[in-house]
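Here's the structure, in structure tokens; my notes come after.
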Amino acid sequence: MGKILVIGCGGVAGVAIQKCAKCAETFEEICIASRTLSKCEALKEKLEKTTKAVITVEQVDADKAQEVTALIKKVQPDLVLNLALPYQDLAIMDACLACGVDYVDTANYEAEDTEDPKWRAVYEKRCKEEGFTAYFDYSWQWAYKERFEKAGITGLLGSGFDPGVTSVFSAYALKHYFDEIHYIDILDCNGGDHGYPFATNFNPEINLREVSANGSYWENGHWVETKPMEIKRVYNFDQVGEKDMYLLHHEEIESLAKNIPGVKRIRFFMTFGQSYLTHMKCLENVGMLRTDPVMFEGREIVPIQFLKALLPDPASLGPRTVGKTNIGCIFTGVKDGKEKSIYIYNVCDHQECYKEVGSQAISYTTGVPAMIGAKLVMEGVWKKPGVFNVEEFDPDPFMEALNEYGLPWKVEENPVLVE
């Protein structure tokens, strides 16, 4: 079919690349590019004897659009799958635009330096106009829509699990179960145990920023903002059990509010144990979650980046993590004039994921949908000029692929609702 360039070589990228290698009829050539060439080479060595796909490696600094542009011109891919950091989204989109190549990612743009005056001015204007203070939002990437249309290329945003699968679940529910969806509760439960007193299951810097920020939800056409971890609920998750979960701001709320007509409220909840919350609050109180540089022994360091170096690498958690994740959406709406509720969710086993791809379920549940999104764009199933979120396409091919590639889902009628 064609060639894919995957930028990134962390846990999620490792899963996505392994899944691409198993679909060699679509991904005939796979180029893996990262700042650390040795990681790309190790993955190539692991995979090249197990697939018909031709695997190559390249080195790139994805912070620099010019470097990414030069790489795309050299490799000549049909599609770029961005599995680098959210900080690098715009540089990679710029490069795809310059080269006329389709683009897919899993998480929306976030500024690395939140004190940058130019970015800050745009951010503060958005806070006043939109009513939420999260550092990440889709406006930066949605602004590329017309340029991608003119270039005749597809930009697919948020093809992970949440955002990603949760958004596809929403489109699927609307297509098959409802005339109108009024309420969406997205529930992200990680029932895994890695044995550490404190560690993060994906990039610590991104994870801790997200969790320590204000929460928010969409209700009746506007944002309602809450203090960090202010709203707590308890839910009994299939195959995991009863867990505490907390309301967070999350990016798919923003796109679903735009793309699901008639929706009245969208909330996002994530489970956390008390040990995690206690450690995080302590680190926040002493300034270790700061994103601005501080002077230490004559040189500048960013506290949260230093903390990242101290914490266990999320990629190392796979062999020691046991338990399951349960991620899905509870929908309430109307069908044929009657109110109804359904719950669409996936349960994923950490140890089963590790046996298959050498990663825990957090990387697996993001890496598999990343491959599926890329596959649908590459095959022309989800392809049209412009920039789109996943819920703007027909959900059925994606839902079928989830069952085929390791993330089977269930539909439960009349679930217990979140108060």
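The analysis underlying the following values was restricted to heavy atoms, covering all of them including side chains, and did not include hydrogens, waters or symmetry mates. Treat the numbers as computed from the prediction; the structure is a model and nothing was measured. Positions are given from 1, in the same order as the sequence printed here.
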* To do: Quick one: which residue pairs count as a side chain to side chain donor-acceptor pair (under 3.5 Å) with a foot in residues 149-161, not counting sequence neighbours?
  => none

* **I327 side, atom CD1; C348 side, atom SG - distance, nearest 0.5 Å** => 8.0 Å

* **Check: H249 ring centroid to F268 ring centroid under 6.0 Å** => no

* Exercise: do N414 and S341 side chains pair donor with acceptor under 3.5 Å -> no

* Asked: What about the rings of W382 and F398, do their centers lie closer together than 6.0 Å?
  -> yes

* Distance in Å, L157 CG paired with K145 NZ, rounded so as to fall on 0.5 Å steps -> 9.5 Å

* Asked: Hey, does the Lys NZ or Arg CZ of K375 hover above the aromatic six-ring of F27, less than 6.0 Å from the centre and inside 45° of the axis?
  -> no

* When rounded to the nearest 0.5 angstrom, what is the spacing between SG in C31 and CG in L71? -> 6.0 Å

* If every non-hydrogen atom of I362 is compared with every non-hydrogen atom of T365, which pair is closest and at what distance? -> O-OG1, 3.2 Å

* Asked: If you count the non-hydrogen atoms of other residues, nucleotides and ligands that lie under 6.0 Å from NZ in K335, is the total more than 12?
  -> yes

* Apply side-chain contact (heavy atoms from CB on, under 4.5 Å) to V263 and L256, showing your working. => CA-CA 8 Å; V263 69; L256 290 173; over 6 Å; no

* To do: Under the salt bridge (Lys or Arg N to Asp or Glu O under 4.0 Å) rule, what do K175 and D394 come out as? Steps first, then yes or no, please.
  => CA-CA 9 Å; K175 180 177 179 180; D394 179 11; 2.9 Å; yes

* Asked: Centroid-to-centroid, Y172 to H176, below 6.0 Å?
  -> yes

* May I ask you to establish whether K410 and Y343 are in a cation-pi arrangement, using a distance under 6.0 Å from NZ or CZ to the six-membered ring centre and at most 45° from the ring axis? => no

* Are D78 and M1 close enough that some pair of their side-chain heavy atoms sits under 4.5 Å apart? -> no

* Can you check whether K227's main-chain N or O pairs, donor with acceptor, with E230's side chain at less than 3.5 Å? -> yes

* Take I153 and L97, measure what side-chain contact (heavy atoms from CB on, under 4.5 Å) needs, and give me the verdict at the end. => CA-CA 8 Å; I153 58 175; L97 198 54; 4.2 Å; yes

* Can you tell me if NZ on K340 sees more than 12 non-hydrogen neighbours from other groups inside 6.0 Å? -> yes

* **Least distance between heavy atoms, M288 atom then L307 atom** => CE-CB, 3.7 Å

* Asked: So, do L90 and W140 sit near enough that their side-chain heavy atoms are less than 4.5 Å apart?
  -> yes

* Can you measure from CG (D137) to CD (E254) and round to the nearest 0.5 angstrom? => 5.0 Å

* Closest approach of K383 and G152, non-hydrogen atoms and distance? -> NZ-O, 4.4 Å

* Of the non-hydrogen atoms in I253 and S216, which two are nearest, and what is the gap between them? -> CD1-O, 3.8 Å

* **Whether over 12 other heavy atoms sit under 6.0 Å from E146 CD** => no

* **Any L81 side-chain heavy atom under 4.5 Å of I7 side chain** => no

* Please report the C-alpha distance between E356 and K22 in whole Å, then the side-chain angles of each, then the deciding distance to 0.1 Å, and finally whether the salt bridge (Lys or Arg N to Asp or Glu O under 4.0 Å) criterion is met. => CA-CA 12 Å; E356 183 189 345; K22 292 180 179 180; 3.2 Å; yes

* Answer with yes or no after comparing the ring centroid distance for Y123 and Y135 against a 6.0 Å cut-off, counting only values under it. => yes

* Asked: Should D336 and D179 be marked as a side-chain contact (heavy atoms from CB on, under 4.5 Å) after you check the CA-CA gap, both sets of side-chain angles, and the distance that decides it?
  -> CA-CA 7 Å; D336 297 329; D179 296 323; 3.9 Å; yes

* Which value, rounded to the nearest 0.5 Å, describes the distance between S170 atom OG and F178 atom CZ? -> 10.0 Å

* So, E339 and T332: side-chain donor and acceptor under 3.5 Å apart, yes or no? -> no

* State, yes or no, whether a side-chain contact exists between D63 and Q88 at a heavy-atom distance under 4.5 Å. => yes

* Derivation of the salt bridge (Lys or Arg N to Asp or Glu O under 4.0 Å) call for D61 and R35 -> CA-CA 5 Å; D61 181 351; R35 190 172 297 175; 2.7 Å; yes

* V15 and V368: side-chain contact (heavy atoms from CB on, under 4.5 Å), yes or no, with the steps? -> CA-CA 7 Å; V15 173; V368 173; 4.2 Å; yes

* What do you reckon, is NZ of K73 surrounded by more than 12 foreign heavy atoms closer than 6.0 Å? -> no

* To do: List in chain and number order the residues that pass salt bridge (Lys or Arg N to Asp or Glu O under 4.0 Å) with K128, two or more places apart in sequence or in another chain; answer none if no residue qualifies.
  => none

* **Heavy atoms from other residues, nucleotides or ligands near NZ of K3 exceed 12 (cutoff 6.0 Å)** => yes

* Can you check salt bridge (Lys or Arg N to Asp or Glu O under 4.0 Å) on R290 and D292, steps first, answer last? -> CA-CA 6 Å; R290 286 176 57 175; D292 56 313; 2.8 Å; yes

* Is a side-chain donor-acceptor pair under 3.5 Å present for N108 with D89? -> no

* From OG (S167) to CG (N389), nearest 0.5 Å -> 7.0 Å

* Are the aromatic ring centres of F388 and F393 under 6.0 angstrom apart? -> yes

* So do the side chains of E391 and F169 get within less than 4.5 Å of each other, counting heavy atoms only? -> no

* **Beyond-backbone contact of E115 with R120, side-chain heavy atoms, under 4.5 angstrom** => yes

* **Minimum-distance pair of heavy atoms, taken over all atoms of Q141 and V387** => O-CG1, 3.8 Å

* To do: Would you indicate whether the side-chain heavy atoms of T271 and D244 approach each other to under 4.5 Å?
  => no

* To do: Check for a donor-acceptor pair, side chain of W119 on one end and backbone N or O of D113 on the other, with a separation under 3.5 Å.
  => no

* Test item: R267 side-chain N/O and V418 main-chain N/O as donor-acceptor pair under 3.5 Å -> yes

* Asked: For the residue pair L83 and A13, what are the closest heavy atoms and their distance?
  -> CD1-CA, 3.5 Å

* Are the side chains of R147 and M93 in touch, meaning some heavy atoms are under 4.5 Å apart? -> no

* Please confirm whether the backbone N or O of G158 pairs with a side-chain atom of D105, one donor and one acceptor, at under 3.5 Å? => yes

* Under the 3.5 angstrom rule, does the side chain of S363 hit a backbone N or O of S359 as a donor-acceptor pair? -> no

* To do: Measure from NZ or CZ of R126 to the centre of the six-membered ring of F132, then state whether that distance is under 6.0 Å and the direction lies within 45° of the axis.
  => yes

* So, E242 side chain and N236 main chain: donor-acceptor pair closer than 3.5 Å or not? -> no

* Is it true that atom CD of Q66 has more than 12 heavy atoms of other residues, nucleotides or ligands lying nearer than 6.0 Å? -> no

* N190 and side chain to side chain donor-acceptor pair (under 3.5 Å): which partner among K324, Q360, H350? -> H350

* Does W218 have K264 sitting over its ring (NZ/CZ under 6.0 Å from centre, angle to axis within 45°)? -> no

* Only counting residues at least two apart or in another chain, list the ones meeting salt bridge (Lys or Arg N to Asp or Glu O under 4.0 Å) with R233. => none

